[in-house]
Amino acid sequence: VCGHRDKSEQDKVFAEGKSKLKYPQSKHNKIPSWAVDAAPYINGKIDWTRDQMLFFAGYVKGKADQLFKIGVMSHRIRLGADFSGDNNVNNERFSDCPHFELMPNERDI
């Protein structure tokens, strides 16, 4: 759905309440982007329902964890539906189901 956001795009999603971060604080603002918004595409359209978004996010996270474990991916990912990383999507103050971001490794900091 989206990857990199420039200043005007980030300002817009911040104003709409779709992001809690102003430009240039979002991982979407890095070049290359460290975050993407992605969603399931079912029957010719994006399915924005929470159940489908969470199913999709869980699948992506599971595959990413497997690929990280075997060394295909160099970074773990964090879900916008679970910013706390505790595997509980029901206790988030801000849930951003389409959001996926790379987590920094020690060498990235």
Side-chain angles (χ1 to χ4, degrees):
V1 177
C2 100
H4 175 76
R5 291 189 195 131
D6 63 19
K7 184 176 185 331
S8 65
E9 291 169 316
Q10 187 65 35
D11 289 348
K12 180 178 185 265
V13 294
F14 179 80
E16 292 171 347
K18 294 178 181 175
S19 177
K20 295 291 183 187
L21 300 173
K22 292 183 177 182
Y23 184 88
Q25 298 169 322
S26 171
K27 289 185 178 181
H28 285 279
N29 306 142
K30 293 181 179 285
I31 297 175
S33 181
W34 274 55
V36 298
D37 289 345
Y41 192 75
I42 301 171
N43 297 325
K45 63 181 180 170
I46 294 175
D47 189 334
W48 294 106
T49 61
R50 182 169 169 79
D51 286 348
Q52 285 299 323
M53 293 296 297
L54 292 175
F55 180 84
F56 175 74
Y59 180 82
V60 171
K61 177 79 163 91
K63 285 298 177 186
D65 287 349
Q66 287 177 335
L67 294 172
F68 179 82
K69 185 176 182 178
I70 63 172
V72 173
M73 285 181 63
S74 60
H75 293 72
R76 294 191 177 276
I77 66 168
R78 178 167 59 178
L79 306 178
D82 184 26
F83 280 113
S84 64
D86 66 357
N87 295 319
N88 182 352
V89 298
N90 295 314
N91 66 351
E92 298 297 315
R93 288 188 302 233
F94 179 71
S95 181
D96 186 358
C97 287
H99 183 84
F100 300 85
E101 65 183 36
L102 294 175
M103 297 299 296
N105 292 322
E106 286 183 22
R107 68 178 180 272
D108 299 321
I109 298 173

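Below, each value reflects all heavy atoms present in this structure, side chains not excepted, and no hydrogens, waters or symmetry copies.
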Could you tell me which residues satisfy salt bridge (Lys or Arg N to Asp or Glu O under 4.0 Å) with K22, sequence neighbours excluded, listed by chain and number?
none
Would you name the heavy atoms of Q52 and D47 that are closest together and state the gap between them?
CG-OD2, 3.1 Å
Using side-chain contact (heavy atoms from CB on, under 4.5 Å) as the criterion, list what pairs up with V13, not counting sequence neighbours.
R5, Q10, E16, K18, S19
Quick one: do the D51 and T49 side chains pair a donor with an acceptor below 3.5 Å?
no
Working to the nearest 0.5 angstrom, can you tell me the gap between D86 CG and E92 CD?
6.0 Å
Considering all heavy atoms of both residues, which atom of N105 and which atom of S74 are nearest to each other, and what is their separation?
ND2-O, 2.7 Å
Heavy-atom side-chain contact between P98 and W48 under 4.5 Å:
yes
Test item: K27 and L102 side chains (from C-beta on) under 4.5 Å apart, heavy atoms
no
Cluster companions of Y23 among Ile, Leu, Val, Met, Phe, Trp, Tyr (side-chain spacing under 4.5 Å)
none
When rounded to the nearest 0.5 angstrom, what is the spacing between CZ in F100 and CG in D37?
8.5 Å
Output the distance between atom CZ (F68) and atom NE2 (H75), rounded to the nearest 0.5 Å.
8.5 Å
Gap separating the CD1 atom of I42 from the CZ atom of F55, nearest 0.5 angstrom:
8.5 Å
Membership question, hydrophobic clusters at under 4.5 Å side-chain separation (ILVMFWY): are V1 and Y41 in the same one?
yes
Any link between V72 and V36 through a network of hydrophobic side chains (Ile, Leu, Val, Met, Phe, Trp, Tyr) touching at under 4.5 Å?
yes
When rounded to the nearest 0.5 angstrom, what is the spacing between CZ in F83 and CG in D96?
5.0 Å
Side chains of R50 and V89 in contact at under 4.5 Å (non-hydrogen atoms)
yes
Greater than 12 external heavy atoms within 6.0 Å of F94's CZ
yes
Quick test of your reading of the model: are D65 and K61 salt-bridged, counting only N-O distances below 4.0 Å?
yes
What's the spacing between D82 CG and H99 NE2 if we round to 0.5 Å?
12.0 Å
With hydrophobic residues grouped by side-chain heavy-atom distances under 4.5 Å, do I70 and V60 end up in a single group?
yes
Below 4.5 Å, heavy atoms only, C-beta onward: do F14 and S26 meet side chain to side chain?
no
Using a 4.5 Å cut-off on heavy atoms from C-beta on, say whether the side chain of P32 contacts that of H4.
no
Return the minimal non-hydrogen interatomic distance between C97 and L54, and the atom names on each side.
SG-CD2, 3.9 Å
Considering all heavy atoms, the nearest M53-A38 contact
CE-O, 3.8 Å
Side-chain H-bond candidate by donor/acceptor type, K63 with Q66, under 3.5 Å:
yes
